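Indexing begins at 1, ligand by ligand and atom by atom, following the structure's order. If you're wondering where the values come from, they're calculated on a predicted model, not measured in any experiment. Sequential numbering from 1 along the given sequence is applied to the chain's residues.
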Amino acid sequence: MASTETTHDDLARRLEELQETERFDPPEEFVAGAQDTDDSLWKDAERDPVAWWGKQAEDLHWFKKWDSVLDDSDPPFYTWFAGGKINASYNCLDRHVENGLGDRVAIHWRGEEGEERDITYGWLHEQVQRFANVLKDNGIQAGDVVGIFMPMIPEVVVAMLACARIGAPHNVVFGGFSPESVKERMETSEAKVLVTVDGARRKGKTAPIKPAVDEVLGDVPSIEKIFVVKATGADCDMQDGRDVWWEDALEAASPECPPEELDAEHPLFILYSSGSTNKPKGILHTTGGYLTGVGWTMKHVFDLRPDSDVYWCAADVGWVTGHSYIVYGPLLNGATQVMYEGPPDYPSKDHHWRLIEELGVTIYYFAPTAIRSFMKWGAELPAKHDLSSLRLLGTVGEPINPKAWLWYREVIGLGETPVVDTWWQTETGQIMITTLPGAQYMKPGSAGTPLPGIAAEILDESSGEKVGANTQGLLVLTRPWPGMLRTLYKDKERFVETYFKRFGPETYLVGDAARRDSDGYYWVIGRIDDVLNVSGHRMSTAEIESAIVSHEVVAEAAVIGQSDEDTGQAVTAFVTLEGDREGDDELINAIREHVAKRIGKLARPKRIIWADDLPKTRSGKIMRRLLRDIAEGRELGDVTTLRDPDVMQQLQGKIAEHQEEED
Ligand code: WTA
């Protein structure tokens with residue numbers, strides 16, 4: 001057997017060779033079994049996109065069919081499926097149970113310490129009805145906002161669907177946010193109820209959640225009740241008249257709660273997301289259109305076969321990826337999925353591969369940043385496990401650099417599996433740009449093309465005119481789509497201002513820079529606010545990062561524009577190296593040259609700062625704003641959303657060293 005050393009070299013060589021490959025066709029075997037294998041869906045959709053979405057909506061159960069698919073008489077306020085009556089929880093649960101699928105596993109839940117709960121559709125159906133009754137018994141009605149602050153346990157799904165059952169929009173706050181953020185989001189949404197846990201497990205320790213919430217939530221007058229799931233048995237005070245144990249309430253409640261027949265445009269949830277200001281935006285999604293968009297994309301982008309696939313989206317329910325592709329998408333389709341409580345490096349760095357092997361996972365969907373961590377941890381870890389059950393891989397959340405894409409396909413997908421790079425946003429609700437895995441070839445680094453029914457364009461930043469192939473501009477969406485946000489909660493003006501002011505009410509401004517190549521494939525470069533201007537040349541941090549990361553010893557990089565006397569902005573790169581490789585001057589030069597070769601001399605980083613780790617949110621996004629702050633010696637803003645706040649201190653030390661050297 002080859003030594004690990006040789007295997008490592010072989011893989012490096014193979015990846016190097018593959019870098020020259022621009023297109024990857026899906027394997028024949030995949031195409032043979034795939035739902036979509038040609039462009040007929042696009043052709044159908046283009047004939048009449050609105051009618052086409054109407055046809056897709058027929059896959060859902062409607063208590064009453066809509067009168068019109070789309071009312072676009074008052075842009076940017078669109079109405080989908082006016083007159084239709086629908087219920088999200090009925091579509092996710094009741095109709096599967098009625099079809100005899102009550103015993104099908106909906107969620108293979110796995111706990112941090114190896115606990116196993118295999119949750120069926122029947123169980124979810126009963127629990128959801130019980131909690132829906134609890135909410136109703138406590139005076140919650142359609143339209144009342146329910147806050148949810150929970151870790152990755154099945155009860156979070158029960159809570160969300162119970163809200164949907166009675167028409168109470170849920171407002172989920174990601175479990176890694178600080179209690180202060182929970183408070184702010186409860187206040188601004190005027191939530192009447194909060195559902196939370198006593199404590200949450202974090203890598204063998206217990207974080208006290210309820211006590212932390214109590215410290216700040218006391219003065220939110222709208223909160224009438226707090227339901228507390230006994231997730232860990234951690235001590236917590238229960239306030240008389242306000243706080244109720246989840247388990248006691250569910251046991252006492254009736255197991256039957258008929259679903260509310262809600263308007264198609266009834267609010268399903270609010271999800272706060274960061275904008276360009278400090279104040280998060282309350283993105284509002286409604287029911288009929290959102291379910292149509294999410295249900296359809298789940299089925300086609302993941303080529304889902306609900307009766308044989310085991311699907312795993314390793315994101316957190318607290319982000320839109322979790323809302324759309326852990327909760328609503330899979331459950332609407334009657335899929336079986338995996339839900340893991342802990343982070344990918346606990347109890348060991350190969351835990352995901354272990355679970356894929358044990359549960360026979362066929363579709364795996366995760367973020368590029370995680371893939372780069374896996375790369376850093378080494379190909380030996382996945383190699384210890386049988387990953388042959390995987391037939392499709394996906395990524396979401398940020399541009400994926402070709403090196404990570406290739407590693408993912410080669411090492412996790414065993415050189416065969418298609419990789420769908422899915423571009424979308426909290427605002428879009430559903431996947432918008434990607435490849436349908438049996439019908440389109442893939443290009444590493446490009447998300448793909450707009451899905452059937454979706455229309456995108458690239459506009460020139462100053463003139464607003466369409467730009468030609470291979471020219472960078474602003475990504476816009478030029479046609480309404482069913483899963484789109486309807487407004488910002490209680491902030492119509494900001495909704496119009498943020499998304500529809502620049503190019504008018506019928507052109508949605510995405511906030512990303514992108515280009516389209518001559519094959520019609522989109523290359524999303526990054527947020528507009530992450531675009532640099534060095535000596536009048538516009539460049540994307542993501543593009544430079546990708547170049548740096550494609551250097552063989554680099555694991556990860558974050559690039560920022562640092563104010564510079566000479567050039568306006570200068571490129572500063574924070575670089576993490578692979579394994580225990582140490583950075584030195586020689587390597588600095590090598591990386592600069594590498595970037596010069598990949599993009600051009602002007603993109604070469606002026607400064608390279610070696611970093612053991614980068615500041616990331618718990619969902620894995622690099623917080624470049626914080627890097628800019630420390631690089632420019634500003635006071636640090638809020639670091640509570642970071643996965644590891646200590647990273648910032650280490651980096652500050654490094655920057656100080658650097659500055660001393662430069663002086
Ligand atoms: C970025 C996450 C490139 C993009 C679902 C977008 C991506 C923002 C991709 C939305 C992708 C997401 N390729 N960039 N496949 N997916 N993005 O709201 O900048 O957390 O505007 O939604 O992430 O992030 P959000």
Exercise for review: State plainly whether the residues Glu545 and Arg372 are in salt-bridge range, i.e. N to O under 4.0 Å.
Suggested key: no

Check your understanding: Looking at Leu268, Leu485, Thr487, which one forms a side-chain contact (heavy atoms from CB on, under 4.5 Å) with Leu284?
Key -> Thr487

**Study point:** Donor + acceptor pair across side chains of Tyr290, Ser324 (<3.5 Å)
**Key:** yes

Study note, to complete from the structure: ligand 1 atoms nearer than 4.0 angstrom to some heavy atom of Thr422 are 9 (C), 11 (C), 15 (N), 16 (N)

Review point. What is the closest protein heavy atom to atom 1 (C) of ligand 1, and at what distance does it sit?
Key: Gly397 O, 3.3 Å

Practice item. Output yes when Asp309 and Arg391 qualify as a salt bridge under the 4.0 Å nitrogen-oxygen rule, no when they do not. Key: yes

Review point. Does a side chain donor of either Thr449 or Gln440 reach within less than 3.5 Å of an acceptor in the other side chain?
Key: yes

Point to revise | Where ligand 1 meets Asp421 - atom numbers and elements under 4.0 angstrom, heavy-atom basis | key: 11 (C), 13 (N), 15 (N)

Review point. For ligand 1, is any non-hydrogen atom under 4.0 Å from Gln425's backbone (N, CA, C, O), its side chain (CB onward), both, or neither?
Key: both

Exercise for review: Starting from atom 10 (C) of ligand 1, find the nearest protein heavy-atom neighbour and note its residue, name and distance.
Suggested key: Trp424 O, 3.6 Å

Exercise for review: Quick one: look up the protein heavy atom nearest atom 20 (O) of ligand 1 and list residue, atom name and how far away it is.
Suggested key: Lys621 NZ, 3.1 Å

**Study point:** Nearest-option assignment for atom 18 (O) of ligand 1, heavy atoms, candidates Thr426, Thr428, Thr321
**Key:** Thr426

Review point. Is Val510 in contact with ligand 1, taking contact as a heavy-atom separation below 4.0 Å?
Key: no

Exercise for review: Answer yes or no: are there more than 12 heavy-atom neighbours, outside Lys490 itself, under 6.0 Å from its atom NZ?
Suggested key: yes

Review point. Which atoms of ligand 1 sit under 4.0 Å from any heavy atom of Val524?
Key: 3 (C), 14 (N)

Point to revise | Parallel, tilted or perpendicular: ring planes of His352 versus Tyr364, cut at 30 and 60 degrees | key: perpendicular

Check your understanding: Can you list the ligand 1 atoms lying under 4.0 Å from a non-hydrogen atom of Val396?
Key -> 5 (C)

Revision key, fill the gap. Of all protein heavy atoms, the one nearest atom 3 (C) of ligand 1 is Pro399 N, 3.1 Å

Review point. Hey, is Lys443 close enough to Asp519 for a salt bridge, meaning N to O under 4.0 Å?
Key: yes

Review point. Has ligand 1 got any nitrogen or oxygen that is less than 3.5 angstrom from a nitrogen or oxygen of Asp512?
Key: yes

